[in-house]
Visitor: 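Take a look at this one; I'll ask things after.
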There are 2 protein chains.
Amino acid sequence: MSRHSGVNRATIKQVARLSGVSIKTVSRVINGAVYVSAQTRRSVTDAINRLNYRPNALARGLVTRRSRSIGLVIADIVNPFFPPFVRSVEDAAAARGYNVILCDTDEDRGRERAAISLLLEKQVDGLILCASRLPAAFLMAVADSGILLVLVNRVLRHPRAAAVVVDAAEGGRRATAHLLDLGHRRVAYLSGPATSFSHIGRLRGYRQALDARGIAFDPEIVAGGAASIVAGGEAAAKLMSLKRPPTAIFAFDDLMAIGAMEDLRRQGRRVPGDVAVVGFDDIDMAAFVAPPLTTVAQPKAEMGRLAAARLLEMIKTSSPPSPRTVTLTPELIIRRSCGWYKEAAT
Amino acid sequence: MSRHSGVNRATIKQVARLSGVSIKTVSRVINGAVYVSAQTRRSVTDAINRLNYRPNALARGLVTRRSRSIGLVIADIVNPFFPPFVRSVEDAAAARGYNVILCDTDEDRGRERAAISLLLEKQVDGLILCASRLPAAFLMAVADSGILLVLVNRVLRHPRAAAVVVDAAEGGRRATAHLLDLGHRRVAYLSGPATSFSHIGRLRGYRQALDARGIAFDPEIVAGGAASIVAGGEAAAKLMSLKRPPTAIFAFDDLMAIGAMEDLRRQGRRVPGDVAVVGFDDIDMAAFVAPPLTTVAQPKAEMGRLAAARLLEMIKTSSPPSPRTVTLTPELIIRRSCGWYKEAAT
DNA sequence: CGCGAGGATGTCAACGTTGTCATACGCGTA
DNA sequence: TACGCGTATGACAACGTTGACATCCTCGCG
């Protein structure tokens, strides 16, 4: 059936001709409008199948001003935090017939700007921005241009923006408090990217927990800067070479925690025997490393589900979100790396 | 500056009016055409910035018949195999100004069909189908409709389809042969999804390696069916309850291998002491589980890069790919779980 | 001084769809 | 008989952009 080699997509016009009705009637059938006789509907449907016709979403979007796709901007899909998040965004979107255009930014402002710009050109109906690094003024301008926004782990006061955040400070507090409860007095913080709102929140929680016990904050035992396994290892190495090394480490995320544990082992230190470690995120890997990692779990799938649901709702009603911000509380998952368990088996 | 609340996107017409030229000239400036005086170009650029104008990709795509986006259909982004793959597809696409629309299918034929259909409506310029489960006839029909296809780990004889595959049988052979070389005579296979081409290839390699040593294939020590941690655990449990349990396990993928190791440990068996384990994929986690997992590495990022590069090339030249199929060879990464290392440190 | 060769710009008709409005046909009711 | 209403359909103009083609300068050269 295929023409010699060229593309051969049927248009609504061809369907109309084949079924002997006007293109408007075909349009009505496609869109399930009322007031189409059963007979007409049948003959149009037949023609559609015979021609293997598919409506052109570009043309449709041009006139309806809806593209039925949303943009999803994240730092890096390779970071294990993101897949469950992305997956649930996608599921929620697909369930309503929406597509997701995914963009990684590597936490680079330039790339993030470029991604947003491209997404806007593509006329996405809305944008989910995960841990955006861009200045608030820029995001305000984006929202001003008419696009709907859902931010994750960041807020923005704009009638077209909503947010889903997990309480980073609370997470930092819980992790640090737990270590303190275990008797540690010198707890280090492996810091994440300086521009990250999550990092700032977790650091604040860490300091609050310290304050609550009257322990002075010591900038010497704060190291790091990038959320990766190798950065975690390097930071841990630096920390342990100190005159007074820490006896416990609270890491910005699980990747850094795993890197730290790796380095500790290489240096012949035992976790949690010599140094206790707590991470953040609860990535899948956390339960399987040795020792299993104690960590603060972010409800990744729930965050994605919520972000997508909120955005889609805003798109549907085109009304400001309410409440503007939904806050989730992270949960401390206690495994072996913090030394809570007696050193039983292996 | 924003109108009361409504959307206010500038169009090419407004830019034209503001800069006092025709829309065609604006179009020329946007597209960097020659034959535009420096002065005109300047005034148009000014107007564009003043209005914060962005070309509408829908309208553009309608007339140029190019959407500058590609569809990427995968099983499940949560499976750690995919993120590096997706990431490199995205990078390659972004580098050429293309967007990626991501769809997860959960290995479900219905969802895969639906995803492809939606992507076609969106007028993507090409499709990357990863480990498609769909009948060849269906894929042929898709390609017939004019779209360009790149398949991953599967081939299709069609002038508009290319493929990137890793030699699954070779991987299966290497993994099994290694175990055999280590002295094992009863090597089990933890099988993946029955409909998966990768599974079929790996199983074939496994049998070939057995054959090469004159060891009879024993269907009793083949178990499994789904590529997940829990499925791996269950299959291992079943295997170990046999009259003559295996002394080594070759798993369809790392997830299953990790699940198997987990279950083995729970039952008090040592890996690799009592049972040797080899996985497939070399996901990030593999190096960090206990013991570190020996596995057959797929060049995930390279596969993504190649798939995207081939597709983009086909889009650019709209000529059949050559060679039609690129085959990559997987590599055996030896870690601790197979018992190759002397049982030195922990 | 006239002419041709570019350079610079504009007009108009697509692209494939939906929204608005008009029209036509019964059929029950005043 | 005339009217109005519910049903079914079509004509035509958008939507925002680019491609094909036309036009009009200006300048150098014979």
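A, B, ... follow the sequence lines: proteins, then strands. Residue 1 opens every chain. No hydrogens, no waters, no symmetry mates; every other heavy atom, side chains included, goes into these values.
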Visitor: Can a side chain N or O of A:T11 be found less than 4.0 Å away from OP1 or OP2 on C:dG16?
Guide: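 Checking A:T11 against C:dG16: no side-chain N or O falls below 4.0 Å of OP1 or OP2.
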
Visitor: What's the CZ-P distance between A:R65 and C:dG19, to the nearest Å?
Guide: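 Spelled out: CZ on A:R65 to P on C:dG19 is 12 Å.
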
Visitor: For C:dA8 and B:Y35 - does any side-chain N or O of the residue sit under 4.0 Å from the phosphate oxygens OP1/OP2?
Guide: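 No, outside the criterion.
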
Visitor: For D:dA8, does either OP1 or OP2 sit under 4.0 Å from a side-chain N or O belonging to A:T40?
Guide: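 No.
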
Visitor: To the nearest angstrom, how far is B:R66 atom CZ from C:dC15 atom C1'?
Guide: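 From B:R66 CZ to C:dC15 C1': 15 Å.
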
Visitor: Output the rounded distance in Å from CG (B:L58) to P (C:dT18).
Guide: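 One finds 13 Å between P of C:dT18 and CG of B:L58, rounded.
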
Visitor: Return whichever of B:V36 or A:N56 has its heavy-atom-nearest nucleotide of DNA chain C closer to the 5' end.
Guide: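 With B:V36 and A:N56 compared, the 5'-side residue is B:V36.
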
Visitor: Given C:dT9, is OP1 or OP2 found less than 4.0 Å from the side-chain N or O atoms of B:S37?
Guide: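 B:S37 to C:dT9 OP1/OP2: side-chain N or O found under 4.0 Å.
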
Visitor: Can you tell me the distance, in whole Å, between the CD1 atom of B:I23 and the C1' atom of D:dG19?
Guide: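 Computing the B:I23:CD1 to D:dG19:C1' distance gives 12 Å.
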
Visitor: Answer yes or no: is there an ion pair linking A:R305 with A:E302, defined by an N-O contact shorter than 4.0 Å?
Guide: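 The answer is yes: the pair qualifies as a salt bridge.
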
Visitor: Which distance, rounded to the nearest 0.5 Å, do you find between the OG of A:S319 and the NZ of A:K316?
Guide: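 Those atoms lie 11.0 Å apart.
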
Visitor: Which listed nucleotide (D:dT17, D:dG10, C:dT18) is nearest to the side chain of B:I12?
Guide: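 Between D:dT17, D:dG10, C:dT18, the one nearest the side chain of B:I12 would be D:dT17.
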
Visitor: Hey, is the side chain of B:R28 pairing donor to acceptor with the base of C:dG10 inside 3.5 Å?
Guide: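 Checked by distance alone, the answer is yes.
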
Visitor: Which class fits the ring pair A:F81 and A:F85: parallel under 30°, tilted 30 to 60°, perpendicular over 60°?
Guide: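 A:F81 vs A:F85 ring planes: parallel.
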
Visitor: Quickly work out the A:I30 CD1 to C:dG19 P distance and round it to whole Å.
Guide: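 In whole Å, C:dG19 P lies 12 Å from A:I30 CD1.
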
Visitor: What residue among B:I116, B:V150, B:V152 forms side chain to side chain contact (heavy atoms under 4.5 Å, CB included) with B:L129?
Guide: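 Among B:I116, B:V150, B:V152, the one meeting side chain to side chain contact (heavy atoms under 4.5 Å, CB included) with B:L129 is B:I116.
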
Visitor: When the distance from CZ of A:R54 to P of C:dC15 is rounded to whole Å, what number comes out?
Guide: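 Computing the A:R54:CZ to C:dC15:P distance gives 21 Å.
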
Visitor: According to a strict under-4.0 Å criterion, is B:Y53 in side-chain N/O contact with OP1 or OP2 of D:dT17?
Guide: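 Yes, B:Y53 has a side-chain N/O under 4.0 Å of OP1/OP2 on D:dT17.
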
Visitor: Quick check on D:dT17: is either OP1 or OP2 less than 4.0 Å from any side-chain nitrogen or oxygen of B:S27?
Guide: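 No, outside the criterion.
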
Visitor: Nearest whole Å is fine: how far is C:dA13 P from B:L62 CG?
Guide: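 Spelled out: CG on B:L62 to P on C:dA13 is 17 Å.
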
Visitor: Using a cut-off of 4.0 Å on non-hydrogen atoms, how would the nucleic acid contact of A:V21 be classed: base, sugar-phosphate, or nothing?
Guide: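 Sugar-phosphate only.
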
Visitor: Judged by each residue's nearest nucleotide on DNA chain D, which is more toward the 5′ side, B:V26 or A:K24?
Guide: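 First, find each residue's nearest nucleotide; the 5'-ward one identifies A:K24.
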
Visitor: If you take atom types as modelled and just measure distance, does the side chain of A:K13 reach the base of C:dG16 with a donor-acceptor pair under 3.5 Å?
Guide: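 Between C:dG16 and A:K13, which were checked side chain against base, a qualifying N/O pair under 3.5 Å is absent.
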
Visitor: Distance check, rounded to the nearest 0.5 Å: A:Q14 atom CD versus A:I23 atom CD1?
Guide: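 The distance works out to 12.0 Å.
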
Visitor: Output the rounded distance in Å from CZ (B:R60) to P (D:dT18).
Guide: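 Computing the B:R60:CZ to D:dT18:P distance gives 5 Å.
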
